[in-house]
S.K.: 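Could you have a look at this structure, given as structure tokens, before my questions?
This is a predicted model, so every value here is computed, not measured.
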Amino acid sequence: MMLATAIAMMLAAPEAATAPATPRSAADAIRDEARALAPLARSELVRQFLGATSALAAVSPRRLWHDEGKTRYYTEAEDAKLPEDRRGALIEESFDEEYYYTTRYGTPLAYARPLDILAESGLTGVAG
């Protein structure tokens with residue numbers, strides 16, 4: 001009888017209020033990934049590369065306008081200076097931090113393994 005009462009009380013109790021999870025930024029995700037990859041780094045070059053993620057800046061969302069073929073992009077200020085007929089043909093798009101850090105080539109940490117291989121051949125830095 002006590003077990004049935006305890007179960008009934010648990011089912012009737014409102015769920016505990018939980019704060020909504022704060023979404024992680026793309027830079028935070030890259031830093032977490034870098035920490036996870038650090039034990040696999042074989043060279044000092046890659047350890048420095050992974051450590052550099054601590055300096056990744058937050059990137060504010062940006063609005064850009066582009067032509068249909070995506071061959072030319074315009075900032076808000078550039079868009080405002082265009083004649084109305086050209087402005088009307090442009091497509092507005094928003095780009096966030098994740099897009100900034102991971103579009104085209106995926107996470108920049110994908111370079112860790114190739115850099116380790118290059119370090120084995122004598123590469124000591126990537127400046128410039």
Side-chain angles (χ1 to χ4, degrees):
M1 179 72 164
M2 284 182 27
L3 180 59
T5 304
I7 292 172
M9 289 175 60
M10 287 178 8
L11 293 175
E15 291 186 26
T18 58
T22 304
R24 286 184 331 156
S25 71
D28 286 339
I30 291 170
R31 283 189 277 275
D32 290 347
E33 189 178 335
R35 280 190 290 279
L37 286 173
L40 302 174
R42 294 169 41 179
S43 66
E44 182 58 28
L45 174 63
V46 171
R47 284 187 280 284
Q48 290 174 3
F49 177 73
L50 296 174
T53 62
S54 65
L56 291 177
V59 177
S60 299
R62 302 161 190 209
R63 290 185 317 157
L64 296 175
W65 288 259
H66 60 81
D67 58 16
E68 191 172 320
K70 295 187 175 184
T71 58
R72 176 81 165 97
Y73 282 78
Y74 301 88
T75 64
E76 187 169 4
E78 293 169 330
D79 178 65
K81 293 178 184 177
L82 293 173
E84 189 59 40
D85 62 324
R86 287 194 55 203
R87 289 179 70 201
L90 297 178
I91 301 163
E92 181 180 344
E93 196 167 347
S94 182
F95 298 92
D96 62 8
E97 184 175 279
E98 184 173 358
Y99 184 92
Y100 181 83
Y101 280 121
T102 63
T103 300
R104 298 267 183 185
Y105 306 105
T107 173
L109 300 180
Y111 295 99
R113 180 63 183 137
L115 286 172
D116 251 345
I117 292 168
L118 291 169
E120 289 174 2
S121 297
L123 182 69
T124 59
V126 293

S.K.: Should the heavy atoms of other residues, nucleotides or ligands under 6.0 Å from CZ of Arg42 be counted, would the total exceed 12?
M.R.: no
S.K.: Answer yes when Glu78 and Lys81 have at least one side-chain N-carboxylate O distance shorter than 4.0 Å, and no when they do not.
M.R.: no
S.K.: I need the Thr102 OG1 to Ile30 CD1 distance, nearest 0.5 Å.
M.R.: 6.5 Å
S.K.: Got a sec, which residues hit ring-ring contact (aromatic ring centres under 6.0 Å, His included) with Tyr111, two or more places apart in sequence or on another chain?
M.R.: none
S.K.: Ion pair present between Arg24 and Asp32, side-chain N to carboxylate O less than 4.0 angstrom?
M.R.: yes
S.K.: Shortest non-hydrogen contact from Ser94 to Pro61?
M.R.: OG-CB, 4.4 Å
S.K.: Provide the closest heavy-atom pair for Ala27 versus Tyr101 in the form atom of the first, atom of the second, distance.
M.R.: CB-CE1, 4.1 Å
S.K.: Sub-3.5 Å donor-acceptor pair from the side chain of Arg47 to the main-chain atoms of Ala41, do we have one?
M.R.: yes
S.K.: Mind checking the CD-CZ spacing from Glu97 to Arg62? Nearest 0.5 Å is all I need.
M.R.: 10.0 Å
S.K.: In Å and rounded to the nearest 0.5 Å, what is the CD to CD distance from Gln48 to Glu44?
M.R.: 4.5 Å
S.K.: Can you get from Leu118 to Leu40 by hopping between Ile, Leu, Val, Met, Phe, Trp and Tyr side chains that sit under 4.5 Å apart?
M.R.: yes
S.K.: Donor-acceptor check, side chain of Arg87 to backbone of Leu82, threshold 3.5 angstrom: yes or no?
M.R.: no
S.K.: Is there a path of hydrophobic side-chain contacts, each under 4.5 Å between heavy atoms, that joins Leu64 and Tyr74?
M.R.: no
S.K.: Could you tell me whether Phe95 atom CZ has more than 12 heavy atoms of other residues or ligands within 6.0 Å of it?
M.R.: yes
S.K.: Compare every heavy atom of Gly125 with every heavy atom of Leu45, then report the nearest pair and how far apart it is.
M.R.: CD1-CA, 3.8 Å
S.K.: Inspect the surroundings of CD in Glu92 and state if more than 12 heavy atoms from other residues, nucleotides or ligands are less than 6.0 Å away.
M.R.: yes
S.K.: Could you tell me the separation between the NZ atom of Lys70 and the CD1 atom of Ile91, rounded to the nearest 0.5 Å?
M.R.: 7.5 Å
S.K.: Between Phe49 and Ala112, which heavy-atom pair has the shortest distance, and what is it?
M.R.: CE2-N, 4.1 Å
S.K.: Calculate, to the nearest 0.5 Å, the distance between atoms CG and CG belonging to Asp28 and Leu56 respectively.
M.R.: 9.5 Å
S.K.: Same hydrophobic cluster for Leu109 and Ile117, using side-chain heavy-atom links shorter than 4.5 Å among ILVMFWY?
M.R.: no
S.K.: With the side chain counted from C-beta on, respond yes when Asp79 and Glu76 share a heavy-atom pair under 4.5 Å apart, and no when they do not.
M.R.: no
S.K.: Please check if Leu90 and Tyr73 belong to a single hydrophobic cluster, counting links between Ile, Leu, Val, Met, Phe, Trp and Tyr side chain heavy atoms closer than 4.5 Å.
M.R.: no
S.K.: Are more than 12 heavy atoms from other residues, nucleotides or ligands located less than 6.0 Å from atom CD of Glu98?
M.R.: no
